[in-house]
Amino acid sequence: MKKMLSVVLLLCVSVGIVSGCGAKKRTVECTTTQTLSDYKLNATYKIYATGDVVDKVETIEVVDSSNESVLKEFESTLNAQYGNNDKRYGGYDYKVTIDGSKLESKVTIDYSKVDMDKMVSDNSAMKSFLNKKNRLTVEGATSIYEAMGATCK
């Protein structure tokens, strides 16, 4: 009986080690709404993490406006921003579309592919959002979105 218990215990420990028992997956969602005279912006930022380290962020931003030039300006600005970030740092997948009076921006940032050394070199303030291994932390990411006016849960 003791031998059987030892084998079961060893098996449980082995499974725990192989499956990475210490790293818990979690998701934090941040949302914001901004209304200005020419448009209304609704944004959702989903932060996917393992433990305290961000794996990826998915964003959906929807701009409502009856002013076509406002939508075109957003489209141009967002495509340039995300395109430049992807070329410079990598890890960005994005699509910006206009349908009638709505612009929708869908972005996924895969932080396993982002060159954080280059990003910090370009923007030293980013360093305060990273851990000692130069990985974006959940606390850091939520701080960024909260500074933009989002509420995170």
Side-chain angles (χ1 to χ4, degrees), residues 5-36 39-64 70-99 102-153:
L5 185 57
S6 296
V7 171
V8 170
L9 183 59
L10 180 62
L11 183 60
C12 288
V13 170
S14 297
V15 169
I17 290 171
V18 171
S19 66
C21 58
K24 186 175 182 181
K25 299 278 186 185
R26 65 180 176 144
T27 304
V28 176
E29 185 171 304
C30 303
T31 58
T32 187
T33 299
Q34 298 174 6
T35 304
L36 295 171
Y39 66 89
K40 180 179 181 179
L41 168 71
N42 288 303
T44 302
Y45 309 98
K46 287 189 179 179
I47 303 165
Y48 296 90
T50 303
D52 292 331
V53 175
V54 174
D55 298 317
K56 71 177 178 177
V57 174
E58 292 178 344
T59 72
I60 298 176
E61 297 167 317
V62 178
V63 177
D64 286 306
V70 168
L71 296 176
K72 290 290 187 187
E73 183 65 29
F74 267 100
E75 180 183 41
S76 174
T77 300
L78 292 173
N79 276 321
Q81 176 186 345
Y82 295 132
N84 289 337
N85 285 354
D86 188 46
K87 285 178 191 170
R88 182 115 180 107
Y89 311 116
Y92 283 72
D93 183 34
Y94 64 97
K95 184 175 183 179
V96 180
T97 57
I98 296 176
D99 185 12
K102 288 188 180 194
L103 173 139
E104 184 175 75
S105 166
K106 291 184 177 182
V107 182
T108 300
I109 307 168
D110 182 346
Y111 281 95
S112 70
K113 296 178 181 176
V114 172
D115 184 341
M116 293 307 291
D117 291 332
K118 192 178 284 188
M119 189 176 279
V120 170
S121 173
D122 289 349
N123 181 359
S124 60
M126 278 298 295
K127 189 71 177 163
S128 63
F129 304 115
L130 308 179
N131 65 14
K132 291 178 182 177
K133 294 182 179 180
N134 230 23
R135 300 284 314 269
L136 181 62
T137 65
V138 174
E139 183 180 338
T142 56
S143 294
I144 292 168
Y145 294 120
E146 287 172 345
M148 295 181 347
T151 301
C152 299
K153 299 178 185 173

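In what follows, every heavy atom counts, from backbone to side chain, and hydrogens, waters and symmetry copies are set aside.
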Begin with the C-alpha distance, continue with both residues' side-chain angles, and end with the deciding distance and a verdict on side chain to side chain contact (heavy atoms under 4.5 Å, CB included) for Asn85 and Ile109.
CA-CA 10 Å; Asn85 285 354; Ile109 307 168; over 6 Å; no

Is it the case that the side chain of Ser128 and the backbone of Ala125 share a donor-acceptor pair, with hydrogens and angles ignored and the cut-off at 3.5 Å?
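Yes.
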
Do Asp93 and Asp110 make a side-chain contact, defined as non-hydrogen atoms from C-beta onward lying under 4.5 Å apart?
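Contact flag for Asp93/Asp110 side chains = no.
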
Which pairs with one or both residues in residues 129-153 pass ring pair (Phe, Tyr, Trp, His ring centres under 6.0 Å), sequence neighbours excluded?
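Residue pairs with at least one partner in residues 129-153: Tyr45-Tyr145.
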
For the residue pair [X] and [Y], what are the closest heavy atoms and their distance?
{"X": "Met148", "Y": "Gln34", "value": "O-NE2, 3.3 Å"}
{"X": "Leu78", "Y": "Ser105", "value": "CD1-CB, 3.9 Å"}
{"X": "Gly140", "Y": "Thr137", "value": "N-OG1, 2.9 Å"}
{"X": "Val28", "Y": "Val138", "value": "CG2-CG1, 3.8 Å"}
{"X": "Leu71", "Y": "Lys102", "value": "CD1-N, 4.0 Å"}
{"X": "Val114", "Y": "Gly90", "value": "CG2-O, 3.3 Å"}

Tell me whether the count of non-hydrogen atoms from other residues, nucleotides or ligands lying under 6.0 Å of NZ in Lys40 goes above 12.
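No - once you tally the heavy atoms of other residues, nucleotides and ligands closer than 6.0 Å, there are 12 at most.
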
Would you say Asn123 has more than 12 foreign heavy atoms packed within less than 6.0 Å of its CG?
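Buried by this count: over 12 neighbours within 6.0 Å.
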
Can you tell me how far apart [atom1] ([X]) and [atom2] ([Y]) are? Round to the nearest 0.5 Å.
{"X": "Ile144", "Y": "Met126", "atom1": "CD1", "atom2": "CE", "result": "4.5 Å"}
{"X": "Leu36", "Y": "Leu41", "atom1": "CG", "atom2": "CG", "result": "8.5 Å"}
{"X": "Leu103", "Y": "Ile98", "atom1": "CG", "atom2": "CD1", "result": "5.0 Å"}
{"X": "Tyr94", "Y": "Asn79", "atom1": "OH", "atom2": "CG", "result": "5.5 Å"}
{"X": "Asp86", "Y": "Lys113", "atom1": "CG", "atom2": "NZ", "result": "9.5 Å"}
{"X": "Thr44", "Y": "Lys106", "atom1": "OG1", "atom2": "NZ", "result": "11.5 Å"}

Presence of salt bridge, Arg26 and Asp55, under 4.0 angstrom
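Looking at Asp55 and Arg26, the cut-off is not met.
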
If the threshold is 4.0 Å, N to carboxylate O, is there a salt bridge linking Glu58 and Lys56?
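So Glu58 pairs with Lys56 through a salt bridge.
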
Test salt bridge (Lys or Arg N to Asp or Glu O under 4.0 Å) applied to Glu75 - qualifying residues, sequence neighbours left out:
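Per chain and number, Glu75 pairs via salt bridge (Lys or Arg N to Asp or Glu O under 4.0 Å) with Lys72.
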
All ring pair (Phe, Tyr, Trp, His ring centres under 6.0 Å) counterparts of Tyr39, not counting sequence neighbours
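Scan of Tyr39 (ring pair (Phe, Tyr, Trp, His ring centres under 6.0 Å), adjacent residues dropped) gives Phe74.
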
Could you walk me through whether Val107 and Lys95 satisfy the side chain to side chain contact (heavy atoms under 4.5 Å, CB included) test, starting with their C-alpha distance in whole Å, then the side-chain angles of each, then the deciding distance to 0.1 Å, before giving a yes or no?
CA-CA 7 Å; Val107 182; Lys95 184 175 183 179; over 6 Å; no

Before you tell me yes or no, could you show the steps for Lys46 and Glu29 under side chain to side chain contact (heavy atoms under 4.5 Å, CB included), namely the whole-Å CA-CA distance, both residues' side-chain angles and the distance that decides it to 0.1 Å?
CA-CA 5 Å; Lys46 287 189 179 179; Glu29 185 171 304; 3.1 Å; yes

Could you go through the side chain to side chain contact (heavy atoms under 4.5 Å, CB included) check for Asp52 and Glu139 one step at a time?
CA-CA 8 Å; Asp52 292 331; Glu139 183 180 338; over 6 Å; no

